Amino acid sequence: MVISSKINDIINEQINKEFFSSYLYLSMAAYFESINFEGFAHWMRLQSKEENSHAIKFFNYIYERGGKVTLKAIEKPKAEWKSPLEAFEEAYEHEKFITDSIYKILEAAKAEKDYATENFLAYYIEEQVEEENSASNIVEKLKFINENRNGLMQMDAKLGKRE
Ligand code: OFO
């Protein structure tokens with residue numbers, strides 16, 4: 001069954017949000033590079049890549065269902081944060097916003113009895129649980145560290161090992 005224009009449009013918007021996520025995390029990587037936290041920067045670069053793959057997965061899905069993608073302008077992300085904690089708090093807030101956005105697609109798919117989209121979204125719903133969890137864990141640890149230099153260096157080394 002060909003995707004409805006409503007679901008096509010809402011996923012098209014989601015593609016833009018995923019690319020914005022990718023851009024936001026790349027901007028955070030640039031910020032961390034600028035303050036010499038290479039481990040945090042590495043973590044953000046990988047996150048940026050993951051978001052790009054989320055966008056492409058939605059892109060491919062629209063074509064699998066006979067729809068059409070129309071790419072839009074990507075909003076300019078913020079470039080400076082006050083501290084690693086502030087950047088990760090923002091990443092966590094952003095992930096909650098993305099979860100909410102995915103739930104809205106799910107609600108629209110359910111309303112239309114678009115079971116294929118419902119099924120397809122399971123991947124993202126699971127992914128969001130992981131992403132919110134990892135961002136919130138980092139936020140909690142950074143709060144605990146409370147700008148202590150040794151703590152920050154250790155955290156930087158740990159996040160630099162992300163694969
Ligand atoms: Fe960070 O999440 Fe995409 O979907």
Side-chain angles (χ1 to χ4, degrees), residues 3 6-33 37 39-65 67-81 83-112 114-143 155-156 158-163:
I3 199 165
K6 186 175 174 192
I7 302 291
N8 190 335
D9 287 353
I10 194 168
I11 294 182
N12 203 63
E13 288 296 329
Q14 189 65 30
I15 291 174
N16 188 269
K17 288 178 188 160
E18 300 290 345
F19 277 126
F20 175 75
S21 306
S22 177
Y23 224 37
L24 175 66
Y25 297 142
L26 195 59
S27 188
M28 288 181 179
Y31 156 72
F32 283 122
E33 290 288 354
F37 278 126
F40 287 125
H42 167 79
W43 194 96
M44 283 297 176
R45 276 175 204 267
L46 288 191
Q47 196 55 39
S48 171
K49 257 195 199 165
E50 253 192 42
E51 298 301 347
N52 189 280
S53 76
H54 292 164
I56 299 299
K57 198 172 162 72
F58 275 122
F59 181 107
N60 293 341
Y61 178 70
I62 288 190
Y63 281 105
E64 271 171 32
R65 295 285 313 279
K68 185 179 184 308
V69 171
T70 311
L71 295 177
K72 301 189 172 178
I74 304 167
E75 195 190 319
K76 183 176 183 230
K78 214 168 121 174
E80 292 293 334
W81 288 268
S83 62
L85 174 60
E86 195 190 57
F88 275 94
E89 274 176 336
E90 194 170 319
Y92 179 42
E93 286 309 311
H94 184 69
E95 285 307 319
K96 288 197 276 185
F97 162 75
I98 292 292
T99 301
D100 190 59
S101 175
I102 303 253
Y103 287 173
K104 289 199 174 101
I105 309 176
L106 181 65
E107 281 156 24
K110 277 184 190 285
E112 284 192 16
D114 178 347
Y115 301 122
T117 297
E118 219 181 301
N119 185 47
F120 171 74
L121 290 173
Y123 162 83
Y124 288 91
I125 289 165
E126 220 181 288
E127 189 75 5
Q128 283 313 113
V129 172
E130 268 178 44
E131 297 209 337
E132 280 192 29
N133 186 250
S134 57
S136 120
N137 278 341
I138 297 170
V139 165
E140 288 313 310
K141 287 193 177 95
L142 286 172
K143 278 185 185 159
M155 192 78 189
D156 185 60
K158 186 169 183 277
L159 266 57
K161 294 201 178 84
R162 178 178 177 182
E163 287 174 359

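What you are looking at is a predicted structure, and each value in this text was computed from that prediction instead of being measured. Heavy-atom basis, side chains included; hydrogens, waters and symmetry copies ignored. Whatever order the structure lists them in is the order used to number ligands and atoms, beginning at 1.
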For Phe19, which residues count as a ring pair (Phe, Tyr, Trp, His ring centres under 6.0 Å) partner, sequence neighbours excluded? none
Ala30: side chain to side chain contact (heavy atoms under 4.5 Å, CB included) partners, not counting sequence neighbours: none
For distances below 2.8 Å, what is the count of protein N, O or S atoms around atom 3 (Fe) of ligand 1? 3
Is Lys57 positioned over the aromatic face of Tyr61, cation under 6.0 angstrom from the ring centre and no more than 45 degrees off axis? no
Looking at Glu107 and Lys110, does any basic side-chain N land under 4.0 Å from a carboxylate oxygen? no
Around atom NZ of Lys49, are there more than 12 heavy atoms from other residues, nucleotides or ligands closer than 6.0 Å? no
Partner set under side chain to side chain contact (heavy atoms under 4.5 Å, CB included) for Glu13, not counting sequence neighbours: Lys72
